[in-house]
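Everything on this sheet refers to the single structure shown next.
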Amino acid sequence: MVTAIVLINAATDSIPETAQAIADIDGVSEVYSCAGDVDLVAVLRVANHEQLAEVIPARIGKVPGVLDTVTHIAFRSYSRADTDTAFDIGLDDD
């Protein structure tokens, strides 16, 4: 599984529609509207890197309202649950 974070600049007057259209694309698991340097952040989860080429430029890049994208590929996931579990190894709750 490949996870990618796509930062998206969108036309201001169509952010909700653009976000929903992106969220409806296979491989897109989440889309967030946000404040800051970008308008939308999409989280993609696909089987392989080749699918990123299908989803990002061929699908997301062609959604009306998308002006620009920047993609970051995730190498490893960290979460509080993972950290807590690692420190609980070998400890009994008795």
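Only heavy atoms go into these numbers, but all of them, side chains included; no hydrogens, no water, no symmetry mates. In this text the structure is predicted, and so the values were computed from the model without any measurement.
- Looking at heavy atoms from C-beta onward, R45 lies in side-chain contact with E30 at the 4.5 angstrom threshold.
- Annotation for I73: hydrophobic cluster partners, listed by chain and number, are V2, V6, I8, I15, I22, I25, V28, V31, L40, L44, V46, L52, V55, I56, I60, V63, V66 (ILVMFWY side-chain heavy atoms under 4.5 Å, direct or chained).
- With hydrogens and angles disregarded, a donor-acceptor distance shorter than 3.5 Å links the side chain of Q51 to the backbone of A47.
- The OG atom of S14 sits 7.5 Å away from atom CG of L67, with the distance rounded to the nearest 0.5 Å.
- Scanning both residues, E54 and R59, for their nearest heavy atoms gives O-CG, 3.2 Å.
- Across all their heavy atoms, H72 and V70 have their closest contact at NE2-CG1, 3.8 Å.
- Summarising the local packing, CG of N48 is surrounded by more than 12 heavy atoms from other residues, nucleotides or ligands at distances under 6.0 Å.
- Atom OG of S33 and atom CG of D39 lie 9.0 Å apart (nearest 0.5 Å).
- Every residue two or more places apart in sequence or in another chain was checked for a salt bridge (charged side-chain N to carboxylate O under 4.0 Å, His left out) with E17, and none qualifies.
- With sequence neighbours left out, the side-chain hydrogen bond (donor to acceptor under 3.5 Å, both in side chains) criterion links T3 to no other residue.
- The main-chain N or O of D68 is never found under 3.5 Å from a side-chain atom of N9 such that the two would form a donor-acceptor pair.
- With a 4.5 Å cut-off on side-chain heavy atoms, V41 and I5 count as touching.
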